[in-house]
> 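Before anything else, here's the structure in question.
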Number of protein chains: 2
Amino acid sequence: MNAPDSPIALAQLMETLGSRAKTASAQIARAPAAIKNRALLNLAALLRQNVPALQAANQRDLERAGAAGLAGPLLDRLKLDAKTLETVALGCEQLAAMADVIGQIIGLKEQPSGIRVGQMRVPIGVFGMIYESRPNVTIEAASLAIKSGNACILRGGSEAIESNKALAALVQQALTDAGLPADAVQLVPTTDREAVGLLITMPQYVDVIIPRGGKGLIERISRDAKVPVIKHLDGNCHVYVDDPCDIAMAVTVADNAKTQKYSPCNATEGLLVARGVAAEFLPQIGAIYAAKGVEMRCDEAAAKILRAQPAINSVASIVPATEQDWSEEYLAPVISIKVVAGLDEAIAHINQYSSHHTDAILTRDHMHAQRFLREVDSASVMVNASTRFADGFEYGLGAEIGISTDKFHARGPVGIEGLTSLKYVVLGQGEVRT
Amino acid sequence: MNAPDSPIALAQLMETLGSRAKTASAQIARAPAAIKNRALLNLAALLRQNVPALQAANQRDLERAGAAGLAGPLLDRLKLDAKTLETVALGCEQLAAMADVIGQIIGLKEQPSGIRVGQMRVPIGVFGMIYESRPNVTIEAASLAIKSGNACILRGGSEAIESNKALAALVQQALTDAGLPADAVQLVPTTDREAVGLLITMPQYVDVIIPRGGKGLIERISRDAKVPVIKHLDGNCHVYVDDPCDIAMAVTVADNAKTQKYSPCNATEGLLVARGVAAEFLPQIGAIYAAKGVEMRCDEAAAKILRAQPAINSVASIVPATEQDWSEEYLAPVISIKVVAGLDEAIAHINQYSSHHTDAILTRDHMHAQRFLREVDSASVMVNASTRFADGFEYGLGAEIGISTDKFHARGPVGIEGLTSLKYVVLGQGEVRT
């Protein structure tokens with residue numbers, strides 16, 4: 001298929017992709033685990049065999065992007081080096097090694113009528129994935145689709161089109177070689193922006209849309225989509241240092257949660273400190289943040305304690321926090337800091353300002369831990385652990401297609417199970433309703 | 001609150017309902033099981049104590065509806081008699097007796113990093129329920145909200161407004177007497193049609209909409225809603241009589257699935273018969289349908305067999321099926337009948353024409369049963385049981401708020417768990433990401 005050159009041609013192209021995906025989805029949904037695993041192993045082998053060809057395609061994207069003036073970090077994300085390719089190949093092999101959850105029946109119980117009722121895990125059908133620069137997402141999404149028995153339509157960034165076409169061709173070969181329909185994984189072969197609008201409004205073909213990208217993109221897609229969207233908006237994550245807590249542990253965790261990496265969505269952006277431990281805790285964490293060049297946007301009480309420490313005050317950037325700071329996702333060496341009266345104020349602050357992604361309490365109090373877990377309304381709630389753990393691999397899901405900040409269907413890191421649905425199965429021996 | 005008399009007043013009213021529901025949802029979400037059960041038992045007692053007052057309110061609805069020319073079956077649905085009230089009171093007591101699922105943690109496992117990761121079942125938040133005539137739905141929805149720790153905003157039919165106001169007042173008293181916020185269950189106190197449009201477009205307050213009513217209503221709500229909708233569209237259910245099968249059992253089940261009650265969504269509308277058993281099976285079921293006055297809309301092969309039986313042909317209405325019949329939800333003494341080559345054609349027909357509600361195979365073949373369960377893409381798939389079993393009570397869910405024909409979030413009968421979400425909980429001892 002070539003890029004269409006008119007709105008009608010584009011509509012026909014998307015209609016064709018949708019209809020083929022729908023047909024393929026019924027075939028891959030009933031495929032035995034061994035066949036799907038074969039396709040994944042084929043794909044790993046093909047990726048390794050085609051490193052030079054893939055890099056050549058990627059080079060064309062990089063040159064076009066460079067010529068268009070794309071900046072350093074964005075070029076980095078676009079780059080498909082041998083290490084990245086080996087990582088995604090290994091990912092395919094890991095998925096192949098995982099147990100298959102499709103067809104699994106849970107909770108089968110006999111009811112008073114004699115029928116046995118349970119739930120069978122089945123694929124959702126067809127998902128549409130919309131993502132930006134990183135071309136390795138093409139393989140991550142394709143391999144999760146294959147393992148979960150779904151068909152998918154992939155719409156990558158226009159800057160990565162050559163890389164994505166080369167990768168998608170290998171996926172289709174891997175599928176065909178395993179006896180599965182190539183249409184189970186299709187790449188939108190055009191960079192026409194209107195394709196996204198069509199992809200998200202085909203409920204007859206596409207069951208769910210998974211966008212990965214900036215908040216603006218995801219809000220636009222959520223607003224216009226005619227099918228459910230697995231949303232990942234921003235990650236304004238918090239660490240609350242409770243009274244009582246182990247101060248040495250709190251310093252280690254609050255340091256890791258903010259500074260281990262600044263760009264991930266699960267990095268902490270807001271630090272709340274119980275009044276009773278603020279005088280002991282803040283100077284210690286403040287010294288670390290100051291040494292690492294982390295700007296601290298503080299409420300009055302926190303600023304007072306930090307500024308009273310000459311060693312910190314002399315090197316650190318201690319700035320008064322504005323109302324906006326409590327809602328901000330910095331993704332940078334910046335953290336907001338607030339002293340709170342205790343657990344109640346911490347929970348209220350988090351439920352008001354957090355983006356419901358990941359929030360942690362550091363505490364020694366069992367009742368406080370229980371209340372925090374129960375009452376903080378976020379996709380991941382943690383006790384005595386770094387928010388940086390909010391990740392499909394760290395949670396043992398094997399792989400993730402994204403992190404959902406939604407409450408509906410999938411919440412938190414979305415692995416294979418988030419791409420499935422549970423249908424009821426009823427096993428009888430001729431029972432009738434009376 | 002009184003009915004508003006301008007669009008601005010209505011918008012303010014809905015804003016107030018939404019904001020109060022949101023506040024109440026945080027309170028009821030953390031309420032202990034014993035308090036929620038106390039509210040349910042209070043409600044059961046109040047319903048029994050207030051039978052005359054409730055019937056007086058209902059009488060005003062009935063008189064207004066009668067004067068407006070409402071027909072017999074619709075008046076029946078509106079009627080709140082002592083038996084209906086006792087049934088909903090018992091329903092509240094049954095819910096109170098059920099184990100609480102809120103706060104339950106599942107799948108807690110230690111990961112290589114040392115953190116333990118599991119999922120906690122928590123309320124969704126606020127649901128909006130939109131329904132028609134039957135006022136007992138007010139109590140069913142309210143009691144499910146209380147047990148599941150959600151707040152709800154109820155929008156009943158305008159013809160039942162007096163009954164619903166009287167019932168909702170008792171719910172709020174039951175909540176208050178238990179120490180829970182009355183705002184956890186609010187009834188939209190106006191019959192203004194614009195209220196629905198506002199209720200389904202308040203994502204800041206309402207997390208999910210549950211419509212119960214005709215297909216037109218549900219399609220309209222799904223199209224316009226800005227929040228997820230738990231959809232129950234039509235129930236075009238099938239029974240497939242396989243080769244080989246126990247013919248006597250098949251006759252009993254196919255009879256029950258069609259004729260035990262004609263109006264429920266889980267009644268069978270389409271009968272598929274494998275060619276190999278058609279000559280034996282069809283005359284037997286045809287005689288029963290004929291005796292019960294069930295019109296049979298047949299493909300050529302089925303019509304030929306049935307018409308060859310003078311005892312059936314002389315009394316039955318055997319009509320040629322049109323393409324439209326395969327998609328029809330009759331909710332009446334009418335059934336479509338088609339002879340198919342075997343399992344493959346049956347599955348293909350069902351996946352094409354069924355409304356993905358409930359479909360059953362009657363068979364002796366284990367492999368056929370397994371394939372049917374796996375490959376039929378419906379909310380409930382059954383082996384050797386009547387489709388009439390597709391129901392929350394029969395499935396052991398205790399109560400249901402509706403039946404979802406969607407694949408996303410909840411599928412099939414939706415009980416307490418369908419009104420909850422699973423968030424990740426992480427229990428650590430100071431672990432950090434490396």
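Everything numeric here is computed off the predicted structure, so don't read it as measured data. Letters A, B, ... are given to chains in the order of the sequence lines, protein chains preceding strands, and every chain is numbered from 1.
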> Sort out for me which of G412(B), A379(B), G396(B) touches chain A most, counting heavy-atom pairs under 4.5 Å.
A379(B)
> Closest heavy-atom contact between S386(B) and V432(A)?
CB-CA, 4.1 Å
> Could you tell me which of A360(A), A390(A), A410(A), P228(A) has the largest number of non-hydrogen atom pairs under 4.5 Å with chain B?
P228(A)
> Hey, could you give me the NZ/OG distance between K226(B) and S222(A), rounded to the nearest 0.5 Å?
11.0 Å
> Which atoms of E431(A) come close to chain B, meaning under 4.5 Å heavy atom to heavy atom: side chain ones, backbone ones, both, or neither?
both
> With a 4.5 Å heavy-atom cut-off, do D207(A) and K407(B) have their side chains touching?
yes
> Could you name the residues of residues 115-126 of chain A that have a heavy atom within less than 4.5 Å of a heavy atom in chain B?
I115(A), V117(A), M120(A), V122(A), I124(A), G125(A)
> Less than 4.5 Å to any heavy atom of chain A: does that hold for the side chain of E394(B), its backbone, both, or neither?
both
> Got a sec, which pairs hit ring-ring contact (aromatic ring centres under 6.0 Å, His included) with one end in residues 403-426 of chain B, sequence neighbours left out?
Y395(A)-Y424(B), F408(A)-H409(B), H409(A)-F408(B)
> Mind checking which of residues 364-375 of chain B sit less than 4.5 Å from chain A, heavy atom to heavy atom?
L373(B), R374(B), E375(B)
> Who are the side chain to side chain contact (heavy atoms under 4.5 Å, CB included) partners of P32(B), not counting sequence neighbours?
I35(B)
> At their closest point, which heavy atom of G428(B) faces which heavy atom of A385(A), and how far apart are they?
CA-CB, 4.3 Å
> Please state whether the side chain, the backbone, both or neither of I102(B) comes within less than 4.5 Å of a heavy atom of chain A.
both
> If we ignore hydrogens and angles and just use 3.5 Å, is the side chain of K423(A) paired with the main-chain N or O of V376(B) as donor and acceptor?
yes
> Report which part of P413(B) has an atom under 4.5 Å of a heavy atom belonging to chain A: side chain, backbone, both, or neither.
both
> Chain A heavy atoms under 4.5 Å from D391(B): which part of the residue, side chain, backbone, both or neither?
side chain
> Which region of D359(B), side chain (C-beta onward) or backbone (N, CA, C, O), has a non-hydrogen atom less than 4.5 Å from a non-hydrogen atom of chain A, or is it both or neither?
neither
> Does any heavy atom of chain B fall under 4.5 Å from the side chain of I230(A), the backbone, both, or neither of them?
side chain
> Around atom CD of Q429(B), are there more than 12 heavy atoms from other residues, nucleotides or ligands closer than 6.0 Å?
no
> Given heavy-atom pairs under 4.5 angstrom as the criterion, report whether the side chain, backbone, both or neither of T434(A) touches chain B.
backbone
> Only pairs of heavy atoms separated by less than 4.5 Å count here; which of V425(B), D246(B), D255(B), V227(B) has the most with chain A?
V425(B)
> Once rounded to the nearest 0.5 Å, what's the spacing between atom CZ of R433(A) and atom OG1 of T387(B)?
10.0 Å
> Measure distances from M249(B) to the heavy atoms of chain A and classify the residue's part below 4.5 Å as side chain, backbone, both or neither.
side chain
> So which part of T358(A) gets closer than 4.5 Å to some heavy atom of chain B, the side chain, the backbone, both or neither?
neither
> Sort L397(B) into side chain, backbone, both or neither according to what part of it lies under 4.5 angstrom from a heavy atom of chain A.
side chain
